[in-house]
Every structure is written in C-alpha cells, then in structure tokens.
**Q** 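Right, I'll just put the structure down here and ask away after.
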Number of protein chains: 2
Amino acid sequence: MARPSVKAERTEEILDAFERCVARLGVEGTTLERIAEESGLRRSLLRYHIGNRAEMVQALADRYIKSSRTEACKMLASMPESETSSPLLDYLFIDIDEDQRRKILVAEALVSGADLYPEIKQRMNEWYSNFVMILCRIINVDYPDADATAQREVAWGLISLVFNVQMMAALGGGDSVLKDSRRAAERLLLSLNGHRSKPEPEAKLEASEELLA
Amino acid sequence: MARPSVKAERTEEILDAFERCVARLGVEGTTLERIAEESGLRRSLLRYHIGNRAEMVQALADRYIKSSRTEACKMLASMPESETSSPLLDYLFIDIDEDQRRKILVAEALVSGADLYPEIKQRMNEWYSNFVMILCRIINVDYPDADATAQREVAWGLISLVFNVQMMAALGGGDSVLKDSRRAAERLLLSLNGHRSKPEPEAKLEASEELLA
DNA sequence: AAATAAATTTTCAAATTTGAAAAAATTGCA
DNA sequence: TGCAATTTTTTCAAATTTGAAAATTTATTT
C-alpha cells in the first residue's frame, strides 16, 4: 500500500452531501453534479469512490437503513424503565435538530422514490417494520396490557404524525403544527388507556439487548 | 374564429398525464417528454397549450388547488346531519379509488417540491388550511363541545394518517396498513369523547353554503 | 530517490432535456 | 374554393446530465 486510503471518509462525505440534497430536492431532483458541488468534490470522485447513479442511490439507502437501525436502538435504550410516553413524544417531536429532521425527509424521499428502485422498496419495507417494532416495545412499557394490534395502530399513527409534521414544515407553517402533532400523538397514546398497568422493567431490558446484538 | 378551439380539453389531458407522472415520479422526476408520452401528445403541444416547465408546474398546482377545494366541499355536503365520524373515515380510508389515491400522492409531491417553487409553497399552504378547516367542520358535527384546538389536532392527525398510508402503500404493504390507519384515525376521533353531545344540523348546513359560495 | 498504490484532475463522447420557432395541416366559414 | 384562426408537426440549437477513461498528482514504502 503506497498511499493511505481515504475511501471510507470520502464515501461518508459524499453520502452526507447526497442526503442534504435529497432532503431538499428528492431523489430524482438530485443530480450527481449537485452532489459534487454540495460535497466540494468533483463528480468524477463520486464515481471513483462509490459508482454510478444507481449505485449511489443504493449506497445511500444502505447507509440510511443501517444508521437508522442503530439510532432507533439507541433511542430504545435511552428510554426510562417506566413512564416512557413523555420522553418518547419528546424524542419524536421536540428533540429534533437539523440532522434528524433531514433524516426524516430522506426517509420520505426514499419511500416516495421506491417505485423507481426495486431494491430500495424491499429495504425501506424492512426499515419501516423495524421502526414500528421499536415503537411498539416502548409503548408496551406503559401499556403492556394493550393488545399488539392496538399498539401497532398507535405506533403507525405516531410515525405518520412525525413524517407529516416534517414534510409540512417545509411549507413554513411555524411550530403550531408541531404542537398539534405532539398533542395528536398524545391522544393516540392515551387511547390505549383502560389497559394501563404498572410497567415491567425487565421486559424492556431484554428487548434492548436482543436488538443490539 | 376559423377552427374550434380544443385548448381547454388539451389542457386537461396534459395536466391529467402530468398528474399520473407526478404521482409515480414526483415533480422533479417528471420530464416534459414523459408527460408527452403519457398524454399521447407531442412535447411541443404542451408548450403551445400551457407553456414551459415552470408554467406547467404552476398550472398543475393551480388546477389541483381548485379541484381539491370543490371536492372537499362536495365531501362536506355529502356528510349526514349527525354521526359523521364513520362516513368520514370511510371517505378518507375506504372509498379511495385509483384517482383519489393519485390526488393524494400529487399533493405530497407538490408539498415536497414546494421548496423549488415559491409560488406553490403559498398555494399548498392555503390548500392545507382549507382541508383542515373542512375536517374540523365535520368533526364539529359529532363533537361540537370539543374546543377548536382539540378539533384541529385531530384533523391534523387524520390528514397525516391519510397521507402516510398512501405513501407507504407504494411499498406494497398490503391493506393491513390501511386497517391500522383507519383504526388509529378512529382512536383520534374517540379521543374527543367526554365532550360528545347531540349534533346541531343547522350548523353544518350553514358551513356548507358558505364554503360553496 | 525510485517504485507503487491511491486519489484527484482533466477530458471527451453520448444521451437527455428543454427552449424556441418555422412549416405544415386541419377545420369552420364567407 | 379560398380565407382565417387554430392546432399539429417538424426541426434546430443550447444546456444539462451522465458515463467512461486517460492523464496527473499525492503520499507512503523500500
């Protein structure tokens, strides 16, 4: 080996730039030239380090799934052992910085563009299932007696609210929409009441370890 | 006038084709050439009847807003004078044919692409406000004692669920997602309980007439 | 310093997309 | 038929996007 490889770093830089573009312009609206400009690298380097357009999209989706999975696991692990509803809502609606907002927009863009890239369709499906599962586990802490179907309905509702509030935020509606979203999410969680009982901490720990393995 | 003008019909045909493309490929993913192919017309006719790319997008958004507004009013008018929750949920989740599904996907594409077209941003904002308002009026029939904030939260939740179920449907999840969505929507409506009382039919009629004016 | 492997720049061709306008064809009517 | 307004087809140029590979530079090892 003559010269130290920077392929790993460059790949990250390129995909970071790609994500920023996709969040604003969507998958189809993002040209290789634009990614190059955004990353401060030449277009030929995108090709050298990652590949052609299809391979770029593939790489973006791959990295997205992976990082999203570990991020979701971290979130699950950070939950308290009881009374998870409030921290969950904070995590989904309040503690959203620019990066996490972008991640959400990228997910939407990938789902929307999945028609064009069959491989991505499969992966986004797994990603979505995984997200629902994680949310169900957290919901289960406060509402262990709610049946799985009810938990899934609520989890799905939370995801829908998170997605849409970020999408609509592009219209510049201010944070009144954010407040409404969080309150609507709260309504969904509270709809599981009547099944409420004391949480079982050990269940949460098991789940966390299993997922991180 | 020597030859009867077909501009109105052609314009509709072109925008129909445009919508079909946008639902699948998004605004940025749709080329003029593709619209031409989809409509069975030559690209130069798009230009002749409507204009360049920016004007095409503008025309699409304009038509969308208008037709969506009248459609929402028809929906409002079709509601019974009491017990509106069930028909509302049917309308939003069950009675969705291919056309209406496309309309929803187009709305999402327009919102997502609003960053590129400042004029559209404004219009999609109005469109969204109008939709929320209509939903609030329907919700108000069954839950007149719920305060306006609560109604808006629920309306926003319903919209989020409708949007996301159609977006995720592209991943081919089957109709289990549809069922979950409808049930989650039901949970939101039921969360307004405690304020429930007998509906006031005349309120609904007033609203309808005012909107159609 | 020379060799070597990796990274970067440069360059070229092909395909696609869009804008624009001229030329031709169609239709109704005097 | 011939005029007139409208629609449609044809054609061309410019700009953008992508693919691909050659040439150059850079950094490490021997």
**Q** Going by heavy atoms in the side chains, are Ile120(A) and Leu60(A) under 4.5 Å from each other?
**A** no
**Q** Asp99(A) and salt bridge (charged side-chain N to carboxylate O under 4.0 Å, His left out): which partner among Lys103(A), Arg101(A), Arg102(A)?
**A** Arg102(A)
**Q** I need the CG-P distance between Asn52(B) and dT16(D), as an integer number of Å.
**A** 15 Å
**Q** Whole-Å distance between dT10(D) P and Glu33(B) CD?
**A** 13 Å
**Q** Base, backbone or nothing for each nucleotide of nucleotides 7-15 of chain C, written B, S, -, heavy atoms under 4.0 angstrom, 5' to 3'?
**A** BBBB-----
**Q** Determine all donor-acceptor pairs shorter than 3.5 Å in which one atom belongs to a side chain in residues 87-96 of chain A; sequence neighbours excluded.
**A**
unit_1, atom_1, unit_2, atom_2, d
Asp90(A), OD1, Arg182(A), NH1, 2.4
Tyr91(A), OH, Glu71(A), OE2, 3.0

**Q** What's the CE-C1' distance between Met56(B) and dT17(C), to the nearest Å?
**A** 14 Å
**Q** Any side-chain heavy atom of His49(B) sitting closer than 4.5 Å to one from Ile14(B)?
**A** yes
**Q** So, for Phe131(A) and Trp156(A), is the gap between ring centers shorter than 6.0 Å?
**A** no
**Q** Determine the contact category for Arg47(B): base if any of its heavy atoms lies under 4.0 Å from a base atom, sugar-phosphate if only primed atoms, P, OP1 or OP2 are that close, otherwise nothing.
**A** base
**Q** Nearest whole angstrom, please: distance from the C1' of dT16(D) to the CD of Glu28(B).
**A** 14 Å
**Q** How far apart are the C-alpha atoms of Phe163(B) and Leu105(B), what are their side-chain angles, what is the distance that settles it, and do they pass the side chain to side chain contact (heavy atoms under 4.5 Å, CB included) test?
**A** CA-CA 8 Å; Phe163(B) 269 41; Leu105(B) 293 176; over 6 Å; no
